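All ligand and atom numbering here is 1-based and tracks the order in the structure. All values below come from the heavy atoms of this structure, side chains included, with hydrogens, waters and symmetry mates left out. A quick note: this is a predicted structure, and the numbers were derived from the prediction, not measured.
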Amino acid sequence: MGQVCIVTGDITRLKVDAIVNAANSSLLGGGGVDGAIHRAAGPQLLEYCRSMGGCPTGEARITPGFNLPAKFVIHTVGPVWRDGGHGEPGLLQDCYENSFRLAAENDIRTIAFSAISTGVYGYPKSLAAELAIKVMRRYKDDFEEIVACCFSQGDADLYHDKCSECRLMN
Ligand code: AR6
């Protein structure tokens with residue numbers, strides 16, 4: 001039986017089978033966690049992504065991790081938050097579900113998610129954490145370890161509020 005862990009730190013440092021990137025639909029890199037992942041993976045990642053032809057919002061694509069400790073990167077494109085009435089929750093849920101589906105298809109056992117859409121895309125952090133935890137719990141038994149990777153202690157506390165039995169790690 002798997003577990004959901006909440007980790008505070010830089011997702012590029014995690015030794016898991018796959019990390020999930022909060023990308024944009026070009027898949028050609030950007031700021032935030034996307035920029036950090038591209039820097040840590042090295043230029044081969046961008047080269048590989050160029051051949052993929054982008055990715056619509058809510059969908060996911062998989063690439064090697066190149067110089068990352070993680071074997072794979074799953075790139076998913078979260079919705080830009082407008083007011084919550086433009087399909088944002090459904091699209092964010094699709095991001096998590098499509099990432100889990102790709103992970104299962106690639107025999108991934110351990111997977112770490114960044115907090116998709118909660119940076120420049122402006123999705124309210126508490127709502128996003130609630131949705132992420134809900135989907136992660138649903139997939140718990142299909143994986144050895146599911147990590148919610150938070151970039152700050154405050155974000156980790158938010159996840160822990162939604163899941164008191166989830167293990168908190170630093
Ligand atoms: N490790 C873990 N989490 C991180 C890291 C890191 N190294 N760096 C930032 N975060 P964002 P989005 C957290 O803006 O909102 C990019 O330019 C951050 O604190 O990276 O989905 C893309 O190319 C926040 O909680 O992604 C797109 O254009 C979370 O990662 C756009 O931003 C997501 O913030 C996507 O926006």
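- Considering backbone and side-chain atoms alike, T12 places every N or O at 3.5 Å or more from each N or O of ligand 1.
- When I37, V120, D10 are ranked by how near their heavy atoms come to atom 32 (O) of ligand 1, first place goes to V120.
- Of the polar atoms of G119, at least one N or O is found under 3.5 Å from an N or O of ligand 1, judged by distance alone.
- A salt bridge between R101 and E105 is present, with a side-chain N of the basic residue lying under 4.0 Å from a carboxylate O of the acidic one.
- Residue contacts with ligand 1: V33 is placed with a nitrogen or oxygen under 3.5 Å of a nitrogen or oxygen of the ligand (distance criterion only).
- Close contacts of ligand 1 with G9, meaning ligand atoms under 4.0 Å from a residue heavy atom, involve 1 (N), 2 (C).
- Of all atoms in ligand 1, numbered sequentially from 1 with element shown, those under 4.0 Å from a heavy atom of G32 are 8 (N), 20 (O).
- Polar contact check, C150 against ligand 1: no nitrogen or oxygen pair lies under 3.5 Å apart.
- Y48 and L46 are not part of a single hydrophobic cluster, where members link through side-chain heavy atoms under 4.5 Å apart.
- At a 3.5 angstrom cut-off on N or O pairs, C149 does not count as close to ligand 1.
- Within the 3.5 Å criterion, the main-chain N or O of S26 finds a donor-acceptor partner in the side chain of N24.
- Looking at atom 29 (C) of ligand 1, its nearest protein heavy atom turns out to be A115 O, 3.3 Å.
- Residue-ligand proximity, A36 to ligand 1, at heavy-atom distances under 4.0 Å covers atoms 7 (N).
- Residue, atom and distance of the protein heavy atom nearest to atom 1 (N) of ligand 1 are I11 N, 3.0 Å.
- Within the 4.5 Å cutoff, the side chain of E130 has no heavy atoms near those of the L158 side chain.
- Aromatic ring centroids of F100 and F143 lie under 6.0 Å apart.
- Side-chain atoms of N98 come within 3.5 Å of backbone atoms of G58 as a donor-acceptor pair (strictly under, hydrogens ignored).
- The closest non-hydrogen atom to atom 21 (O) of ligand 1, taken over A40, G78, S117, comes from S117.
- Residue G31 has at least one N or O atom closer than 3.5 Å to an N or O atom of ligand 1.
- For T118, a nitrogen or oxygen atom sits less than 3.5 Å from a nitrogen or oxygen atom of ligand 1, counting backbone and side chain alike.
- Close contacts between ligand 1 and A22 involve ligand atoms 21 (O), 22 (C), 26 (O), 35 (C) [criterion: under 4.0 Å to a heavy atom].
- T63 is listed as a side-chain neighbour of C49, based on a closest heavy-atom distance under 4.5 Å.
- For an aromatic pair to be called close, the ring centres must be under 6.0 Å apart, and Y159 with F113 fails this.
- Closest protein heavy atom to atom 13 (C) of ligand 1: F151 CB, 3.9 Å.
- Donor-acceptor pairing under 3.5 Å is lacking for the side chains of K15 and T110.
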